[in-house]
Amino acid sequence: MKIATWNVNSVKARLPNVLSWLNAAAPDVVLLQEIKCETASFPALEFEPLGYRVHAVGQKSYNGVAILSRLPVEDLIERLPGEPEDVQARYVEGTIGGLRIASLYLPNGNPVGSEKYPYKLRWMERLKAHVGELLAREVPFVLGGDYNVIPAPEDVYDPEGWSGDALFRRETREKFREILNLGLTEAFRALHPAARHAYTFWDYQAGAWPRDLGLRIDHFLLSPQAADRLAGCTIDRSPRGQEKASDHTPVLLDLAD
DNA sequence: ATGGTTGTTGGACAA
């Protein structure tokens, strides 16, 4: 089973790029983030000819996630549990072929001095609690998305320059590690321990892409049973170099059947 | 130090 995750930075602005990539890469499941549209205005008709059913959770202007799947999706949840008053569209999870699969868009958290950073940490704590429940139920699961977390210095072009940023500061990395240490596998790093410049995001500004000044912030976290099936995890840089590119590029996960 | 870009949306705000 091939699962892709991609922060597309507006599904409508990115439609030609996304459709052409899906035609070539042909993943079974696609996890999208930052669709930047309301649920009802997701261009589902554009994806159905490619064989995908669409399960979007959107809101006006910002955020928004979706799962596209060639197999039926069951038992959808459309919010991360733990903070009912949080209405931001950042999480969708369903069962596909016996696997729980989530598309998540973890809060950016900048600027650190604002209320956005504690919101990010609370969101990570909620994710940790939810992972604990999934593990207790012994359901195999894959959590893919834009984590807005740089896990380690080798995942950023300038670690010192980013040391105070919400994506890289110690509290953020510690919380991410706490989640991993519940027993999850971060697929890309597990398969490619020595990889460098394996970025998934390059800012639009200051020539970050041509200078390869990137970050690795889009990840797949796997439960133990899903990790047993881990057959591949790759970053496809080619979409980032195209016209009208998203600032993120897709990551592809391959699970043995 | 500042500015550099893109998307939504029609002025900021988010990233």
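Basis for what follows: all heavy atoms, side chains included, without hydrogens, waters or symmetry-related copies. Chain naming here is simple, since letters A, B, ... match the order of the sequence lines and numbering starts at 1 in each.
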>> Under 4.0 Å, heavy atom to any atom of DNA chain B: which of residues 54-68 of chain A qualify?
In response: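 Only A/Lys60, A/Ser61, A/Tyr62 qualify.
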[X] side chain near [N] phosphate (N/O to OP1/OP2, under 4.0 Å):
{"X": "A/Arg14", "N": "B/dG7", "answer": "yes"}
{"X": "A/Lys244", "N": "B/dG7", "answer": "yes"}
{"X": "A/Lys36", "N": "B/dA14", "answer": "no"}

> Can you list every pair that meets salt bridge (Lys or Arg N to Asp or Glu O under 4.0 Å) and has a residue in residues 172-200 of chain A, with sequence neighbours left out?
Replying inline: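 Output for this query lists A/Glu125-A/Lys175, A/Lys128-A/Glu178, A/Asp155-A/Arg189, A/Arg170-A/Glu174, A/Lys175-A/Glu178, A/Glu186-A/Arg216.
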>> What contact category does A/Tyr105 fall into here, base, sugar-phosphate, or nothing, at under 4.0 angstrom with non-hydrogen atoms?
In response: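 Sugar-phosphate: the residue A/Tyr105, judged by heavy atoms under 4.0 Å, touches backbone atoms but no base.
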Separation of atom [atom1] in [X] from atom [atom2] in [N], rounded to whole Å:
{"X": "A/Asp146", "N": "B/dA14", "atom1": "CG", "atom2": "C1'", "answer": "13 Å"}
{"X": "A/Asn9", "N": "B/dT8", "atom1": "CG", "atom2": "P", "answer": "7 Å"}
{"X": "A/Glu38", "N": "B/dG7", "atom1": "CD", "atom2": "C1'", "answer": "16 Å"}
{"X": "A/Tyr204", "N": "B/dA14", "atom1": "OH", "atom2": "P", "answer": "18 Å"}
{"X": "A/Tyr147", "N": "B/dA15", "atom1": "OH", "atom2": "P", "answer": "18 Å"}
{"X": "A/Asn110", "N": "B/dA15", "atom1": "CG", "atom2": "P", "answer": "9 Å"}
{"X": "A/Asp247", "N": "B/dT6", "atom1": "CG", "atom2": "P", "answer": "10 Å"}
{"X": "A/Glu115", "N": "B/dC13", "atom1": "CD", "atom2": "C1'", "answer": "12 Å"}

>> If you assign each of A/His248 and A/Asp203 to its closest nucleotide in DNA chain B, which residue comes earlier from the 5' end?
In response: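 The residue whose closest nucleotide sits nearer the 5' end is A/Asp203.
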>> Judged by each residue's nearest nucleotide on DNA chain B, which is more toward the 5′ side, A/Ser10 or A/Gln205?
In response: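 Looking at DNA chain B, the more 5' nearest nucleotide goes with A/Gln205.
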> Given A/Glu34 and A/Ser10, is the side chain to side chain contact (heavy atoms under 4.5 Å, CB included) satisfied, shown in steps?
Replying inline: CA-CA 6 Å; A/Glu34 278 208 271; A/Ser10 169; over 6 Å; no
Under 3.5 Å, sequence neighbours excluded: what are the donor-acceptor pairs made by side chains of residues 249-257 of chain A?
from     : atom 1 : to       : atom 2 : distance (Å)
A/Thr249 : OG1    : A/Asp236 : O      : 2.7
A/Asp257 : OD1    : A/Met1   : N      : 3.0

> Other than A/Val156, what residues sit in its cluster of Ile, Leu, Val, Met, Phe, Trp and Tyr side chains whose heavy atoms are under 4.5 Å apart, directly or through others?
Replying inline: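 Via sub-4.5 Å side-chain contacts, A/Val156 links to A/Ile150, A/Tyr157, A/Trp162, A/Leu167, A/Phe168, A/Tyr199, A/Phe201, A/Trp202, A/Trp209, A/Leu213, A/Leu215, A/Ile217.
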> Does anything in residues 40-78 of chain A pair up under ring-ring contact (aromatic ring centres under 6.0 Å, His included), and if so which pairs, sequence neighbours excluded?
Replying inline: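 Only A/Phe42-A/Phe47 qualify under ring-ring contact (aromatic ring centres under 6.0 Å, His included).
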> Going by the ring-ring contact (aromatic ring centres under 6.0 Å, His included) test, which pairs reach into residues 65-118 of chain A, not counting sequence neighbours?
Replying inline: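 Qualifying pairs: A/Tyr91-A/His130.
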> How many angstroms lie between atom CG of A/Leu127 and atom CG of A/Leu80, to the nearest 0.5 angstrom?
Replying inline: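 One finds 6.0 Å between CG of A/Leu127 and CG of A/Leu80.
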> C1' atom, B/dG3 versus B/dA15: distance in rounded Å?
Replying inline: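 Approximately 16 Å lies between the C1' atom of B/dG3 and that of B/dA15.
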> B/dT2 and B/dT6: how far apart are their P atoms, nearest whole angstrom?
Replying inline: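 These two P atoms come out 23 Å apart once rounded.
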